[in-house]
Amino acid sequence: MRLRYAKISTTGPVREHNEDWLDFWESPDPLVREQQGSVGLLADGVGGYARGEVASKLAIDEALAEFKDAPVDTKPYEVLRRMCVRACAAVHEKAVTEFNGQMMATTLVASIFRSRTVCVANVGDSRAYFIRQNSIKRLTTDHVATALPVKLGLMLERQAMASPKRSQLTRSVGSEAFCQPSYATQFLNHGDFILHCTDGLHAFVLDEEMRQIITKNHPYDACRELVALAVKRGGDDNITIQLIEVRDWEKVAQATLPPRAATSGGAKPAAQAAAAQKQAPTMAGGGDLSPGMLLDNRFELTDLVARSNMASIFKANDKATGTVVAVKVPLMNLESDIAGYERFKREEEIGAKLNHRYVLKVVKVEAEKSRPYMVMEFLDGKTLADVLAKRKPLPEGEALSIASRICEALGYLHENGIVHRDMKPQNVMICTDGSLRVFDFGIARVEKARRLTFVGLTPAMGTPDYISPEQVKGKRGDQRSDIYSVGAMLYEMVTGSTPFEGESPYVIMNARVTGDPAAPRSIKLEVDPAVEEIILHAMERDPRLRYATAAEMKKDLDDPTLVAITHRHQRLRAPQPWKRGKMRLWIVVVGIELLLAGLAYLYFRHHR
């Protein structure tokens, strides 16, 4: 079973310390992993006792150690029982021997993934949910004072969420020398999710809201959105989320090992070698690819690096060149989607023509492909979005350096007749060697090239946080649209906030069209006035008032001391309030535009 894992843990808006802890582990050996399984753990230190952060970490560490120590053929429930017993004893003993008997305790939820099944144990009120497409089911039992009234129908779930007794635990790890877990089992399919979370989330966000957010977003983005919603609802506790997605799994152990690795112990008979080759298919044909496969007899897929709602990205060995590359493969449903497939083709066509140190390099594949895919240089690093999720605002010098290099990349693109049109932190890679790459040219505009016909706000087109006002209005955008987006990214890097915020994408887009962002120095006084001037210059609503070229903006970024202060912050206009009537009109207009664009595309495609 192959799993994709995302997590987030925050103190929340009120607490000074984070008393939550979490971990995920699986053996790096695929054969051992197939037998032993993988494990996810989450704990929430009990705030009413002392040293909740010590209790939660100790419980996780001891439970994980027990999982690793257990023989691989031990039944999952027995492993879970031993994990809880060991964790409870360790926390209780530490309280007695090291803290003079001062009680400390924690909740604990642990899930073992093995053989298409997840087995779950929990103590306390940290939860595990099972999510499959249109359904969500809680796997754990809350050991709290409100659990029995809810179970008997004497109290509604919503009432329990608001009850002051919702945090009164009836069971915990460490309050006594022994604990009594509850258990559950769930069979799994490809694409299912298991969500672990503390009461900092489930006390403020409904189960159905969790399902909607998780099924519509990349796991990491879903974690961030869930935290934001809990905080918006008034969450005052630590918030910790662990999201585990089930991916490819048939013949995982055999497929993960390249065929030649199986011969390391000596030569195989010809018939046995042929059988091994059958177990590790050379391409996916009409199905999904998975690590261990050999694509077109050239690219040996070694790991699944990332997966979005559009494509999977694999780390691979290029047998023709001996180099490590990244292979981007559109999802099967995208291959049958005209607009999505056109975007993917455009990204490869544009990328193959570019050669710049700050632009992702695309490897040309001359041979006929068995299915659509794109080969790129493999980069070790994190997207700017990932960097900002963990650390923002950034130091001003670092933010200016990043923005300057992005402008250099955009200058190169613009000189070659390409407008990116989707500049955002998710499309900028910050590499571990300090370099930077701009990527994703799926909706880029190319001079004298066919027009991308699918426009509007869709999941494929990204978020509205960085898009220019003219693009919101339905215009194609030019190089000044990219400059606006860089200004919005720099705004977030130096202030820690996006320029416009709202309860929906439509509210954000309305604000962008009808007004200006708050002055950066009104959010973070330490921002250099010259840097504020650069940001507001780039983010002028009227494209004619922005920097004319990326090179102009880069010049100011490289030496802010030369920037003339024109007090743009004094001329800012507050956005107009969004009215729901506008939303209905907006949806109708955009829907008509999309329908006409689609019909035009089909007509010209048929007659060309």
Side-chain angles (χ1 to χ4, degrees), residues 350-362 384 394-431 434-441 443-449 466-471 475-494 499 516-517 520 527-569:
I350 294 174
K353 299 175 183 177
L354 302 175
N355 183 19
H356 187 274
R357 62 176 178 166
Y358 296 144
V359 177
L360 181 69
K361 292 178 175 59
V362 173
L384 179 56
L394 300 181
E396 202 164 88
E398 182 180 355
L400 293 175
S401 173
I402 291 173
S404 173
R405 287 180 285 169
I406 293 174
C407 282
E408 182 177 330
L410 290 176
Y412 169 79
L413 296 176
H414 297 163
E415 289 171 4
N416 285 272
I418 299 169
V419 180
H420 192 285
R421 298 204 302 174
D422 194 20
M423 284 305 307
K424 55 187 178 183
Q426 291 86 342
N427 290 338
V428 177
M429 178 68 75
I430 308 297
C431 303
S435 62
L436 172 151
R437 300 289 193 283
V438 171
F439 59 95
D440 194 346
F441 302 97
I443 63 170
R445 173 186 173 185
V446 184
E447 291 181 3
K448 301 179 181 179
Y466 313 95
I467 193 172
S468 66
E470 59 271 20
Q471 288 175 280
K475 297 182 180 179
R476 297 187 70 187
D478 56 25
Q479 63 186 37
R480 295 168 299 182
S481 303
D482 285 346
I483 290 170
Y484 181 97
S485 298
V486 177
M489 292 162 64
L490 182 57
Y491 186 108
E492 182 177 11
M493 284 190 280
V494 300
D516 302 304
V527 174
D528 189 318
V531 174
E532 179 179 73
E533 184 77 19
I534 294 171
I535 293 171
L536 296 180
H537 189 180
M539 293 188 67
E540 288 280 1
R541 270 179 298 144
D542 186 343
R544 296 170 298 179
L545 300 179
R546 295 176 202 152
Y547 289 102
T549 65
E552 284 186 22
M553 184 174 180
K554 174 176 168 54
K555 182 180 178 181
D556 282 354
L557 291 166
D558 290 341
D559 192 355
T561 61
L562 300 179
V563 174
I565 306 297
T566 66
H567 304 290
R568 295 176 189 270
H569 67 282

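Values reported hereafter were calculated over all heavy atoms of this structure, with side chains retained and with hydrogens, waters and symmetry mates removed.
Closest heavy-atom contact between G487 and I535: O-CG2, 3.7 Å. Of all the heavy atoms in A550 and H414, the pair that sits closest is CB-ND1, 4.3 Å. Taking each heavy atom of A444 and I350 in turn, the nearest pair found is CB-CD1, 3.6 Å. Among all heavy-atom pairs drawn from A409 and V359, the shortest one is CB-CG2, 4.0 Å. Scanning all heavy atoms of the two residues, the minimum distance from V486 to C407 falls at CG1-SG, 4.1 Å. For S404 against D558, the heavy-atom pair with the smallest separation is OG-OD1, 2.6 Å.
Here the CZ atom belonging to R541 is positioned 12.5 Å from the CZ atom belonging to R544, to the nearest 0.5 angstrom. To the nearest 0.5 Å, the span separating NZ on K361 from NE2 on H356 amounts to 9.0 Å. The OH atom of Y466 sits 12.0 Å away from atom OH of Y491, with the distance rounded to the nearest 0.5 Å. In this structure, CD1 in I483 is found 6.0 Å from OG1 in T549, a value given to the nearest 0.5 Å. Interatomic distance, CD of E408 versus NZ of K554, reported as 5.0 Å (0.5 Å rounding). One distance of note links CG of N427 with CD1 of I406; it measures 10.0 Å at 0.5 Å rounding.
A salt bridge between R480 and E540 is absent, with no side-chain N of the basic residue lying under 4.0 Å from a carboxylate O of the acidic one. Between D422 and K424 a salt bridge is recorded (basic side-chain N to carboxylate O distance below 4.0 Å). Ionic pairing of D559 and K555 is not present here: no N-O contact between side-chain nitrogen and carboxylate oxygen is shorter than 4.0 angstrom.
Proximity of L536 to P520: side-chain heavy atoms (C-beta onward) are separated by under 4.5 Å at one or more points. Between R357 and S435 there is no side-chain heavy-atom pair separated by less than 4.5 Å. Side-chain contact check for L360 versus M429: every heavy-atom pair is 4.5 Å or farther apart. Between Y412 and N355, some side-chain heavy-atom pair lies under the 4.5 Å cut-off. Side chains of M539 and D516 form no contact here, defined as non-hydrogen atoms less than 4.5 Å apart.
Side-chain atoms of E396 never come within 3.5 Å of backbone atoms of M493 as a donor-acceptor pair (strictly under, hydrogens ignored). Put simply, the side chain of Y358 never gets that close to the backbone of L410: no donor and acceptor are under 3.5 Å apart. A side-chain donor-acceptor contact under 3.5 Å links H420 to the backbone of F439. E532 contributes no side-chain N or O that, together with a main-chain N or O of V527, makes up a donor-acceptor pair within less than 3.5 Å.
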Handout entry: Stepwise side-chain contact (heavy atoms from CB on, under 4.5 Å) test for K353 and N416
Key = CA-CA 10 Å; K353 299 175 183 177; N416 285 272; over 6 Å; no
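Remark: of the listed residues D482, L354, V419, L354 is the sole one forming a side chain to side chain contact (heavy atoms under 4.5 Å, CB included) with L413. Across R421, R445, E470, a single residue satisfies side chain to side chain donor-acceptor pair (under 3.5 Å) together with S481, and that is E470.
Sorted by first and then second residue, the ring pair (Phe, Tyr, Trp, His ring centres under 6.0 Å) pairs with a member in residues 537-566 read H537-Y547; sequence neighbours excluded.
With no hydrogens or angles considered, a side-chain donor-acceptor pair links T566 and E533 at under 3.5 Å.
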